[in-house]
Amino acid sequence: MLLISCPNCGSRDETEFHYGGQAHVPYPENPNDLNDREWAEFLFYRDNTKGAFAERWLHSTGCRQWFNMLRDTVTYDIQAVYPMGAPRPATSTTAPEGATK
Amino acid sequence: MVNTAALTGINGLREIRRSPASHLAAALETGSVPGTVVLKEGPFQTMAGVRVDPASEAGSRIASVTGGLPARCGQVAGAEQVSVLWLGPSEFLVVAPEEDHDTLGGDLLGSLTAALGDGPGQVVDLSANRTMFELTGPRARAVLEKGCALDLHPRSFTPGTALATEVGNIPVVLLKTGEESFRLFPRASFADFLGRWLLDAMREFASPEVP
């Protein structure tokens, strides 16, 4: 069980949260210009990072607010919790292996 | 079968309505251990869901009606018998006695709606959304701790605090009203399960303590 520190409510059990997938996936500026492959990549293709991974979480049984979290997918160590819309904070750890972008 | 033709207006239905855990009333009474832990379903309440930015003008108008808005997680605001529970940074649950409902001569919802005015936000009548369990007694905390991961020790969970969390895997708003008394607000459809879950958690306190 992860103990996740919600920015509004403080430390809560992982079961109170829902996972929202990879963070910082921008909506295409001009969706009509995309071909099918690019559109499919925007919709369905996500990084499968080994290491620090920025992801979205929802505190669904608490304050019902979304936030971003930087989590190590190997050790489950939560490195940072930051609001939606904020840039990904720099981490002291080395660049994640297997990152495609 | 109730003769619905004889009922006039919404208040005609008031006599035939049942609270979500009314069928458990007898079980709650036999399962309670007076002096140790007592569980009962509370009376109907008037509840209003309010979504408004507390820093906005509409927010301060709403705050003047309810007697303040809670500023952060856990806080409970309100004046007299009205309590305002914090559900989110811009989401609040106003709980008031039943007679404050507009159909019973009160004006809670009307005054909240008027206070919101044209401002961004909403006021919704949620009186039937949740029911209320009252859990009291010296072992009430021990019962809750079987299914709630929060720190319920009095040093961190003080009377007059309300937290949205899970008890027995059911999402509830847990309000501490006194040193040994709690109120749980589950959604109506979860009332049966949560009532039975609490009864089961209380069973051990009916038998003499094993040394």
Side-chain angles (χ1 to χ4, degrees), chain A residues 1-27 29 31 46 52-91, chain B residues 49-55 69-76 84-93 121-122 124 126 129-130 144-153 155-158 161-176 184-187 189-190 193-194 197:
Chain A
M1 176 85 76
L2 289 177
L3 260 185
I4 297 175
S5 192
C6 168
N8 294 308
C9 306
S11 215
R12 297 292 181 97
D13 272 3
E14 179 189 356
T15 51
E16 293 194 5
F17 294 85
H18 275 96
Y19 182 67
Q22 183 181 348
H24 311 302
V25 179
Y27 190 76
E29 270 188 33
R46 294 292 181 265
F53 187 51
E55 51 200 20
R56 301 180 299 176
W57 285 81
L58 169 69
H59 191 192
S60 40
T61 44
C63 57
R64 308 206 297 178
Q65 304 294 307
W66 286 92
F67 59 92
N68 286 333
M69 191 161 97
L70 203 58
R71 181 179 64 93
D72 192 306
T73 54
V74 181
T75 63
Y76 283 82
D77 176 37
I78 297 170
Q79 299 176 349
V81 172
Y82 55 103
M84 301 300 283
R88 175 181 166 143
T91 44
Chain B
V50 176
R51 298 215 64 162
V52 69
D53 177 4
L69 289 175
R72 59 186 155 74
C73 178
Q75 264 188 2
V76 177
V84 190
L85 316 184
W86 188 96
L87 297 184
S90 63
E91 185 176 11
F92 309 96
L93 183 69
Q122 61 183 20
V124 185
L126 296 180
N129 187 27
R130 293 171 187 269
L144 289 176
E145 278 171 346
K146 293 184 185 187
C148 182
L150 289 177
D151 182 7
L152 299 181
H153 192 279
R155 81 179 150 239
S156 69
F157 193 46
T158 51
T161 309
L163 294 170
T165 183
E166 288 177 2
V167 172
N169 295 329
I170 302 300
V172 298
V173 182
L174 180 62
L175 169 66
K176 187 168 181 178
L184 295 94
F185 295 91
R187 290 192 195 269
S189 53
F190 291 122
F193 179 90
L194 185 67
W197 187 94

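In what follows, every chain begins at residue 1, and chains take the letters A, B, ... in the order their sequences are listed. Just so we're clear, the structure is a prediction, and the values are computed from it rather than from any experiment.
Note: B:Ser90 OG to A:Gln65 CD = 6.0 Å, rounded to the nearest 0.5 Å. Atom CD of B:Glu166 is separated from atom OG of A:Ser60 by 7.5 Å, given to the nearest 0.5 angstrom.
A 6.0 Å sphere centred on OH of A:Tyr76 holds no more than 12 heavy atoms belonging to other residues, nucleotides or ligands. Around atom NE2 of A:His24, more than 12 heavy atoms belonging to other residues, nucleotides or ligands sit under 6.0 Å away. Atom CG of A:Asp77 has more than 12 neighbouring heavy atoms from other residues, nucleotides or ligands inside a 6.0 Å radius.
Side-chain contact between B:Leu150 and A:Arg12 is present, with heavy atoms from C-beta onward closer than 4.5 Å.
The nearest pair of heavy atoms linking B:Cys73 to A:Asn8 is CB-O, 3.4 Å.
Looking at A:Glu16, both its backbone and its side chain come within 4.5 Å of chain B, counting heavy atoms on both sides. Using a 4.5 Å cut-off between heavy atoms, A:Asp13 touches chain B through its side chain atoms alone.
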